[in-house]
Amino acid sequence: MGSVETSNKDTNGSLLNKNPTIVFVLGGPGSGKGTQCANVVEHFGYTHLSAGDLLRAEIKSGSENGTMIQNMIKEGKIVPSEVTIKLLQRAIQESGNDKFLIDGFPRNEENRAAFEKVTGIEPTFVLYFDCPEEEMERRLLSRNQGREDDNIETIRKRFKVFLESSLPVINYYDAKGKVRKIDAARPVEEVFESAKAVFGPKTEKA
Ligand SMILES: Nc1ncnc2c1ncn2[C@@H]1O[C@H](COP(=O)(O)OP(=O)(O)OP(=O)(O)O)[C@@H](O)[C@H]1O
Ligand SMILES: Nc1ccn([C@H]2C[C@H](O)[C@@H](COP(=O)(O)O)O2)c(=O)n1
Ligand SMILES: [Mg+2]
């Protein structure tokens, strides 16, 4: 496993020049991050980058890190930041866009600190989908997308990691006034109405 590229010039030259808008999209497993990101992309022209999707694609690609990533996801654990950040950097550079929804990242303090160190970028704001565990569990158990981590044993581990490692990151950004919290326990359309209000009518695509 190589080290994360730390030169802003080499890794982020074009990105920094564009002064990108980065929105971190956080919330517990099954809170509806992916569902709502798809709506935001359609209305506001962001590029959606799901850290989990990028890691799953890396497993499928047969990469040297594939087995390690697969084992960690099965256990509900967080993959080392250097792996995830490289995938995000590549996707950002390939997108040609200058505004991004980064879904499911940063998942822990290591993710957060490493991203800031490597890119020099802070999020514009953090969208936090707040949902009770019982509702998230119901959603995950009926998602039926064939995800290896949508079984009750792994789901419980993911909830524990969310509480212990991801919530502190949300609290960190909350203390900086960057968190936009949305009640995600409502129907999809209602949740999106709240999300729309955060992004604002001025930035909506024509
Ligand atoms: N507001 C909602 N009400 C009911 N079901 C929802 C709602 N939002 C999403 N779902 C459903 O719940 C499941 C989980 O949603 P989604 O994949 O968007 O969550 P997620 O936060 O991205 O989860 P993960 O962290 O596991 O990737 C999906 O089957 C989705 O269709
Ligand atoms: N920053 C991240 C994001 C995701 N993962 C791993 C661990 C998660 O349980 C899994 C699935 O993510 P999801 O699709 O639910 O957002 O992917 C990680 O290690 N680091
Ligand atoms: Mg998701």
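Order of listing sets the numbers, starting from 1, for every ligand and every atom in it. These values consider heavy atoms only, across backbone and side chains, with no hydrogens, waters or symmetry-generated copies.
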Of the listed options [options], closest to [atom] (non-hydrogen atoms):
atom: atom 19 (O) of ligand 1; options: Gly32, Pro29, Gly52, Ala185; answer: Gly32
atom: atom 30 (C) of ligand 1; options: Asp149, Asp103, Thr35; answer: Thr35
atom: atom 13 (P) of ligand 2; options: Lys74, Arg107, Arg158, Lys33; answer: Arg107
atom: atom 29 (O) of ligand 1; options: Arg56, Arg143, Glu190; answer: Arg143
atom: atom 27 (O) of ligand 1; options: Arg147, Met136, Glu189, Lys33; answer: Arg147

Go through the side-chain N and O atoms of Thr47 and Asn97 and say whether any donor and acceptor fall under 3.5 Å apart.
yes
Side-chain donor-acceptor pair under 3.5 Å between Arg186 and Ser194, yes or no?
yes
How far is [atom] from its nearest protein heavy atom, and which residue and atom name does that atom have?
atom: atom 10 (N) of ligand 1; result: Arg139 CD, 4.0 Å
atom: atom 7 (C) of ligand 2; result: Lys77 O, 3.4 Å
atom: atom 20 (N) of ligand 2; result: Ile78 CG2, 3.7 Å
atom: atom 5 (N) of ligand 2; result: Leu55 CD1, 3.4 Å

Backbone, side chain, both or neither: what part of [X] comes under 4.0 angstrom of ligand 1, heavy atoms only?
X: Leu140; result: side chain
X: Arg186; result: backbone
X: Ser50; result: neither
X: Gln145; result: neither

Proximity to ligand 2 by part of Arg147, non-hydrogen separation under 4.0 Å:
side chain
Report the part of Asp149 (side chain from C-beta onward, or backbone N, CA, C, O) that has a heavy atom under 4.0 Å from ligand 2; answer both or neither where that applies.
side chain
For Ile73, the ligand 2 atoms with a heavy-atom partner under 4.0 Å come out as 6 (C), 10 (C), 17 (O)
For ligand 2, is there an N or O atom under 3.5 Å from any N or O atom of [X]?
X: Asp53; value: no
X: Asp103; value: no
X: Val79; value: yes
X: Arg56; value: yes
X: Gly104; value: yes

Ion pair Glu137/Arg158, N-O distance below 4.0 Å:
no
Give a yes/no verdict on a cation-pi contact between Arg180 and Tyr128, requiring under 6.0 Å between NZ or CZ and the six-membered ring centre and an angle within 45° of the axis.
no
May I ask you to establish whether Lys178 and Tyr173 are in a cation-pi arrangement, using a distance under 6.0 Å from NZ or CZ to the six-membered ring centre and at most 45° from the ring axis?
no
Are the side chain of [X] and the backbone of [Y] linked by a donor-acceptor contact shorter than 3.5 Å?
X: Asn39; Y: Lys196; value: no
X: Ser81; Y: Asn111; value: yes
X: Thr119; Y: Phe115; value: yes

Look only at interatomic distance and state if Val191 has a nitrogen or oxygen under 3.5 Å from any nitrogen or oxygen of ligand 1.
no
Do any N/O atoms on Glu135 end up under 3.5 angstrom from N/O atoms on ligand 1?
no
Numbering the atoms of ligand 1 from 1, which are under 4.0 Å from a heavy atom of Pro187?
1 (N)
